[in-house]
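Everything on this sheet refers to the single structure shown next.
Not measured: the values here are computed from a predicted model.
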2 protein chains.
Amino acid sequence: MSGRKTNSRAKILAAAADVAREFGPGSVSLEAVASRAGVSKGGLLYYFPSKARLMQALVEHYLAEFRSSLSQAQAGGETLLTAFIKRAAAECREKQPASRSWIFSAISQDPDFLSPLRSFHQQLFANLKEDNSDLTAVLICYLAIEGLRSMNLFDFDILSTEERELLVASLLEIAQGKR
Amino acid sequence: MSGRKTNSRAKILAAAADVAREFGPGSVSLEAVASRAGVSKGGLLYYFPSKARLMQALVEHYLAEFRSSLSQAQAGGETLLTAFIKRAAAECREKQPASRSWIFSAISQDPDFLSPLRSFHQQLFANLKEDNSDLTAVLICYLAIEGLRSMNLFDFDILSTEERELLVASLLEIAQGKR
DNA sequence: CTTACTGTACCGGCTGGACGGTCTTGTCAA
DNA sequence: TTGACAAGACCGTCCAGCCGGTACAGTAAG
């Protein structure tokens, strides 16, 4: 077929996420991912020499995306905290539910795959505290957003759209010290 | 009926949670759980005729515990919201980190195992709204607590003890309309 | 000739589950 | 009181199936 400039790598990563979302995290096998990506098993293993590498790449890819979209939001002259809130809200709006189910596959494979995520969050939280003198506001906003993201991850559609927007608006007020 | 004093069922459930926490959610196999519980594989299968049943029981057991401790906290004449906050805070203090890792095993096995949890949370949130007229306060407190629980679940020890206590104190103030 | 794959075939390991057997316990007729 | 017996509470083994990973031969594009 097409031999050149293929972005099979990206396709495979997307396929892994799709399989996890559609068929459940337990269904993420090399075969399933390969067939979903329109690639043979051999082709998959050409890019990711082991399942562990695939999972690792999944985490790293997500983290890179997260980072870039955060700094992009921050480039508009916003505070880190408001950028974080807005970005999370946008994610909840745009992405389909359970779009991060692959995380469960990764944890099942090896919980250590989360450590990059952990250290990222640690640093993010540290930066948030540095950036905003009101520790209470940082705590409330950060945890509430993580709660929102958690709901999204587990596909708990508990909040209505209006409630979510109300929450985000309230958090933005708190973040700006207007409470 | 039989006369054997049997707490094997409870032991097996605890063992499953222990295996998930110590060796990772991917290591929860019937054999591993059985050996951890001091029971043979056949014995395990006697109590839980399939792995799916084990997972289901795990969810139900957790839910029953959650419910009872919530209503117990509420029996002291507290609001549902404050009871929820205090209970979650206590859980973070007492339980060892990642003590709910078995959830990941259940999701990997079949995401539908979460639906009892989902409907419980839906009802809990509905009750919270009914009980407290300040929707914003309910939203913030509920989501922030869920964020805290999420941190605990993923074993992200991002907050110091003081920060956590500060957060809880702030949330309790918000819950009581003292903000 | 190299790169970037495809496709097939295969292997060893592990897992869930079935099955048959064994020991223990409570029941009840004699 | 006893002793037979059914039922309960396990144990140990076996097996089919899937999964990750390897090996390798082939192929089409650049």
Side-chain angles (χ1 to χ4, degrees), chain A residues 1-20 22-59 101-102 104-113, chain B residues 1-20 22-59 101-102 104-113:
Chain A
M1 296 293 185
S2 59
R4 262 229 48 87
K5 276 279 183 182
T6 44
N7 50 348
S8 296
R9 227 189 105 96
K11 255 199 233 172
I12 291 170
L13 290 175
D18 288 347
V19 170
E22 287 177 30
F23 304 102
S27 303
V28 179
S29 67
L30 297 185
E31 265 170 22
V33 172
S35 98
R36 175 69 181 224
V39 165
S40 71
K41 194 176 160 186
L44 197 165
L45 285 158
Y46 177 81
Y47 286 104
F48 305 98
S50 73
K51 193 181 186 182
R53 293 287 188 144
L54 213 204
M55 295 304 177
Q56 198 183 324
L58 229 33
V59 174
S101 294
W102 55 264
F104 301 132
S105 313
I107 298 180
S108 288
Q109 167 99 5
D110 184 350
D112 290 345
F113 283 135
Chain B
M1 292 301 187
S2 82
R4 208 24 113 92
K5 302 225 168 197
T6 171
N7 51 349
S8 294
R9 227 190 105 95
K11 254 198 232 174
I12 291 170
L13 289 175
D18 287 348
V19 169
E22 287 177 30
F23 304 101
S27 303
V28 179
S29 67
L30 297 185
E31 238 176 57
V33 172
S35 99
R36 174 68 181 224
V39 165
S40 76
K41 193 178 161 184
L44 196 165
L45 254 7
Y46 176 80
Y47 287 104
F48 306 98
S50 71
K51 194 181 185 183
R53 294 285 190 146
L54 213 203
M55 295 304 178
Q56 197 184 324
L58 229 33
V59 174
S101 294
W102 54 265
F104 300 132
S105 313
I107 298 180
S108 289
Q109 167 99 7
D110 185 350
D112 291 344
F113 283 135

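Of the residues in residues 24-36 of chain B, none lies under 4.0 Å from DNA chain D by heavy-atom distance.
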List the atom pairs, donor and acceptor, that lie under 3.5 Å between side-chain atoms in residues 25-37 of chain A and the rest of the protein, sequence neighbours left out.
| residue | atom | partner | partner atom | Å |
| --- | --- | --- | --- | --- |
| A:S27 | OG | A:F23 | O | 2.8 |
| A:S29 | OG | A:A32 | N | 3.2 |
| A:R36 | NH1 | A:E22 | OE1 | 3.0 |
| A:R36 | NH1 | A:E22 | OE2 | 3.4 |
| A:R36 | NH2 | A:E22 | OE2 | 2.8 |

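When distances run from any side-chain atom of A:K51 to the nucleotides C:dT6, D:dG21, C:dG16, the shortest one goes to D:dG21. Here the side chain of A:K41 is nearest to one of C:dG17, D:dG20, D:dC11, namely D:dG20.
The two residues B:F113 and B:A106 come nearest to each other via the heavy atoms CD1-O, 3.5 Å.
Residue A:Y46 places no side-chain N or O under 4.0 Å from the OP1 or OP2 atom of C:dT6. Distances shown here put a side-chain N or O of B:S8 below 4.0 Å from the OP1 or OP2 atom of D:dC10.
When the C1' atom of C:dG16 is taken as reference, atom CE of B:M55 falls 12 Å away, rounded to whole Å. Regarding B:Q109, its CD atom lies at a distance of 12 Å from the C1' atom of C:dG17, rounded to whole Å. With rounding to whole Å, B:L45 atom CG is found 16 Å from C:dG21 atom C1'. A:L44 has its CG atom 13 Å from the P atom of C:dG7, to the nearest Å. Straight-line distance from the CG atom of B:D110 to the P atom of C:dG16: 15 Å, rounded to whole Å.
To the nearest 0.5 angstrom, B:L54 atom CG is 9.0 Å from B:Q109 atom CD. For the atom pair CG of B:D18 and CG of B:L13, the computed distance is 11.0 Å after rounding to the nearest 0.5 Å.
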Run the side chain to side chain contact (heavy atoms under 4.5 Å, CB included) test on B:R9 and B:I12 for me, step by step, so that the C-alpha distance in whole Å, both residues' side-chain angles and the decisive distance to 0.1 Å come before the verdict. CA-CA 5 Å; B:R9 227 190 105 95; B:I12 291 170; 5.9 Å; no
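Every residue two or more places apart in sequence or in another chain was checked for a side-chain contact (heavy atoms from CB on, under 4.5 Å) with A:A14, and none qualifies.
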